[in-house]
Amino acid sequence: NIDRVPWIGAPALWEAVGENRLAEGRELQRRLLPIARSVGSIYGVAGLKAGLDLIGFVGGEPRPPLRPAPSTVIETIRTQLNELGITIHA
């Protein structure tokens with residue numbers, strides 16, 4: 001269950017692989033890949049901070065010269081989190 005680690009689900013993935021439940025680990029990785037890309041390589045710091053805000057942490061705004069994530073990016077991340085069953089707080 002990805003929601004037991006409410007951001008990336010890494011412990012569940014680590015546990016599945018460590019216990020040689022590789023099909024389960026691959027499925028978790030497949031499900032996590034869109035949000036991992038969004039808060040990493042695609043939207044960078046602004047996406048990561050928006051994601052943190054959405055799940056109830058204080059991400060805040062990035063320091064200049066970086067700009068905050070636009071509303072379209074926030075909605076994309078919100079949708080990805082919802083698809084994983086992660087509770088949205090913002």
Could you list the donor-acceptor pairs under 3.5 angstrom formed between side-chain atoms of residues 41-52 and any protein atom two or more places apart in sequence or on another chain?
unit_1	atom_1	unit_2	atom_2	d
Lys49	NZ	Gly59	O	2.9

Q. Mind checking whether Gln29 and Arg26 have side chains closer than 4.5 Å, heavy atoms only?
A. no
Q: For Glu75, enumerate each residue passing the side chain to side chain donor-acceptor pair (under 3.5 Å) test, keeping only those at least two apart in sequence or located in another chain.
A: Arg78
Q) Ile55 and Thr87: side-chain contact (heavy atoms from CB on, under 4.5 Å), yes or no, with the steps? A) CA-CA 6 Å; Ile55 63 169; Thr87 304; over 6 Å; no
(Q) So, taking the atom named CD1 in Ile35 and the one named CZ in Arg37, what distance separates them when rounded to the nearest 0.5 Å? (A) 12.0 Å
Q: Could you state whether Phe57 and Leu84 fall into the same hydrophobic cluster, counting links through intermediate Ile, Leu, Val, Met, Phe, Trp or Tyr residues with side-chain heavy atoms under 4.5 angstrom apart?
A: yes
Q.
Distance check, rounded to the nearest 0.5 Å: Leu81 atom CG versus Ile88 atom CD1?
A. 4.5 Å
Q: May I have all residue pairs that pass salt bridge (Lys or Arg N to Asp or Glu O under 4.0 Å) and include part of residues 56-72, sequence neighbours excluded?
A: none
Q: Nearest 0.5 Å please: distance from the OG1 atom of Thr72 over to the CD1 atom of Ile77.
A: 9.5 Å
Q) Closest approach of Asp53 and Val58, non-hydrogen atoms and distance? A) OD1-C, 3.7 Å
